[in-house]
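Data block below; observations after.
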There are 2 protein chains.
Amino acid sequence: MSAMPTPQQNHLLAALPVEVQQRLFLNLELIPLPLGKILYESGDALRHVYFPTDAIVSLLYVMENGASAEISVVGNEGLIGVAVFMGGESTPSRAVVQSAGYAYRLLGKQFKAEVNRHGEMLHLMLRYTQALLTQMAQTAVCNRHHSIDQQLCRWLLLSLDRLPGDQLTMTQELIANMLGVRREGVTDAAGKLQKLGVIEYSRGHIKVLDRPRLEQLSCECYAVVKKETDRLLHYMPARPGSQFSQFSQLSR
Amino acid sequence: MSAMPTPQQNHLLAALPVEVQQRLFLNLELIPLPLGKILYESGDALRHVYFPTDAIVSLLYVMENGASAEISVVGNEGLIGVAVFMGGESTPSRAVVQSAGYAYRLLGKQFKAEVNRHGEMLHLMLRYTQALLTQMAQTAVCNRHHSIDQQLCRWLLLSLDRLPGDQLTMTQELIANMLGVRREGVTDAAGKLQKLGVIEYSRGHIKVLDRPRLEQLSCECYAVVKKETDRLLHYMPARPGSQFSQFSQLSR
DNA sequence: TTCTATCCGTGCGCTAACGCACGCAGTCAT
DNA sequence: ATGACTGCGTGCGTTAGCGCACGGATAGAA
């Protein structure tokens, strides 16, 4: 609602040199991303890349038997469609909107053209891709070794970092799909968090009351990824007036 | 043993244009990789990249509590050290030799210099990185949803693909570390496979007797990664009229 | 040969997570 | 206000994998 998103709300776009921005921004197209929208399916040839401003998109892997698992989350710190510049043009995963909002999108061709100038865009994309790699690796390990309780905390923090405020709109069923666990498992874990006074849950609305505690209860995976992402994409300090200080509040 | 490995045994090196090979091969250094050797630790600044000829290297993630999990396997189809050209210079994982052999290594600086020519080397590396990404994503999903039995099959196949012959030298303890499970779990799963006549196991020596059966018993993850890796790295030259024709734009 | 370190098999109790089923409570449209 | 639908809580029994502990087997060294 309210103010129209600007391209600079996406951290990658914002980090580009002015001249690159000037070239690119003309071709950007603002697209609303409603909850549940699928940006691409597993194996689809990618026509566009998306730079979220305030939406969150999950990279979800769906298996033959229908079971699924999230392998990565992308918000305004990143982009969807790295496969375009990596050369594969498609990936075996699905990109689905997890939290409604907007994204700027760019034609694959135009994106590639800019990358092929071998300037800052290329290097930014490379570093972002490494951050993505880190997130996936950590997800793999987390899936192996950590309890649902811990993973829920991690997941909430990941989402929180990509949203303004302390509210999420998210049913337990959806979270379960992302984590690749049962819905009841999420109910259980969320119930514990609520009893501890860390969150408030009600019919698809979550309010985080005690973020520090959430970080304590989470597994190390959250902090590791955050630290590494910070290191790789050490953006300029958050612009004045921006409440999206996702890369500035690592405690511990 | 005996014959000295050639750089061309590594698929990536072999896939490079002759002129690039001529530039690079002078700087390659043949390095023996004994079992268990650690090429780099989590967080280490990477001095070299390694192109295995006949060794297998695991990217292993070790957690705070000591638990571990393999996030990727690299043999003669790839290289160790993508972080060098991605810009991060380090990763939060450990690279450890899982099967002894040789690798050619190259100074990070020289590797970067070649990549920075923005020629075939860059594009090859990008496609390889996407293959790596795919492997990690699949590992994450596999860790979530598949049984130890299935994962063992997958793991054996991955190793087999990177070795000549049908023999592996690998204790169950080591496999357990890679899969991030108990040693007893591996004993169990391997016992079943042996009863089925699929493998022969004896004190760190595995002989695969029935590979087709192994593929049947494995989860889909093996086939998915293999197919995608093939797509990304084998069928590189864009054929006219193929859906990868946009590809040539990047590859030139 | 004999010793010893390593590797592998096995049994037992335990826990986390699963699959299923049911029921209640908000929420929204009529 | 009424009904229906969605989202959440709960209580089973079941199972895969864990942690531990011990014991047998095999290879390589003394």
Side-chain angles (χ1 to χ4, degrees), chain A residues 35-36 63 65-70 98-99 140-156 167-196 198-207 217 219, chain B residues 35-36 63 65-70 98-99 140-156 167-196 198-207 217 219:
Chain A
L35 179 65
M63 299 200 311
N65 60 15
S68 65
E70 183 184 79
Q98 181 203 106
S99 178
V141 177
C142 197
N143 281 348
R144 161 75 45 221
H145 291 291
H146 295 142
S147 68
I148 294 187
D149 294 2
Q150 291 176 305
Q151 291 187 50
L152 176 60
C153 293
R154 174 175 77 93
W155 193 89
L156 289 174
Q167 309 259 349
L168 323 197
T169 302
M170 206 76 224
T171 70
Q172 298 187 345
E173 179 96 38
L174 256 161
I175 298 181
N177 282 339
M178 299 294 165
L179 295 182
V181 301
R182 284 186 317 155
R183 194 264 312 158
E184 295 94 320
V186 175
T187 302
D188 237 44
K192 290 185 201 167
L193 288 180
Q194 194 153 17
K195 253 171 204 140
L196 290 173
V198 179
I199 64 171
E200 252 175 40
Y201 215 117
S202 159
R203 295 189 68 73
H205 271 272
I206 312 171
K207 182 169 185 178
L217 292 170
C219 45
Chain B
L35 178 66
M63 299 200 311
N65 61 15
S68 65
E70 182 183 80
Q98 180 203 105
S99 178
V141 177
C142 197
N143 282 348
R144 160 76 44 224
H145 290 293
H146 295 142
S147 67
I148 294 187
D149 294 3
Q150 292 175 304
Q151 291 187 50
L152 176 60
C153 293
R154 175 176 77 93
W155 193 89
L156 289 174
Q167 309 259 349
L168 323 198
T169 302
M170 208 74 226
T171 71
Q172 300 187 343
E173 180 96 41
L174 256 163
I175 298 181
N177 282 341
M178 299 295 167
L179 295 183
V181 300
R182 283 187 318 156
R183 194 265 310 160
E184 295 92 322
V186 174
T187 302
D188 239 44
K192 291 183 200 169
L193 288 180
Q194 194 153 18
K195 251 168 206 145
L196 290 173
V198 179
I199 63 170
E200 252 177 41
Y201 215 116
S202 161
R203 294 188 70 73
H205 252 71
I206 312 172
K207 182 169 186 178
L217 292 170
C219 45

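Proteins get letters first, then strands, A, B, ... in listed order; numbering begins at 1 in each. Just the heavy atoms: all of them, side chains too, but no hydrogens, waters or symmetry mates, feed the values below. As the structure is a prediction and not an experimental result, all values here were calculated from the model.
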Output a table of donor-acceptor pairs, distance under 3.5 Å, between side-chain atoms of residues 169-180 of chain B and any protein atom two or more places apart or on a different chain; print 'none' if there are none.
{"residue": "T171(B)", "atom": "OG1", "partner": "L174(B)", "partner atom": "N", "Å": "3.2"}
{"residue": "Q172(B)", "atom": "OE1", "partner": "T187(B)", "partner atom": "OG1", "Å": "2.6"}

Using whole Å, what does the distance between atom [atom2] of nucleotide [N] and atom [atom1] of [X] come to?
X: L168(A); N: dG7(D); atom1: CG; atom2: C1'; result: 16 Å
X: N143(B); N: dA16(C); atom1: CG; atom2: P; result: 20 Å
X: H146(A); N: dC18(D); atom1: NE2; atom2: C1'; result: 15 Å
X: Q194(A); N: dT10(D); atom1: CD; atom2: P; result: 10 Å
X: I206(A); N: dG7(D); atom1: CD1; atom2: C1'; result: 12 Å
X: H205(A); N: dC8(D); atom1: NE2; atom2: C1'; result: 15 Å

Subject >> Exam field: side chain N143(B) to backbone A140(A), donor-acceptor pair closer than 3.5 Å >> reply: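 Here the side-chain-to-backbone pair exists.
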Subject >> Donor-acceptor contact present, side-chain H145(B) to main-chain S68(A), <3.5 Å >> reply: yes
Original post:
Among residues 169-188 of chain B, which residues get a heavy atom nearer than 4.0 Å to DNA chain C?
Top reply: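 Residues of residues 169-188 of chain B under 4.0 Å from DNA chain C: T171(B), Q172(B), R183(B), E184(B), T187(B).
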Is any side-chain heavy atom of [Y] closer than 4.5 Å to one of [X]?
X: I206(A); Y: L156(A); value: yes
X: M63(B); Y: V141(A); value: yes
X: C219(A); Y: C153(A); value: no

Original post:
Quick one: which of dA17(C), dC8(D), dG9(C) gets closest to the side chain of Y201(A)?
Top reply: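 Ranking dA17(C), dC8(D), dG9(C) by closest atom to the Y201(A) side chain puts dC8(D) first.
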**OP:** Check whether the side chain of R203(A) and the base of dT27(C) form a donor-acceptor pair under 3.5 Å.
**Re:** no
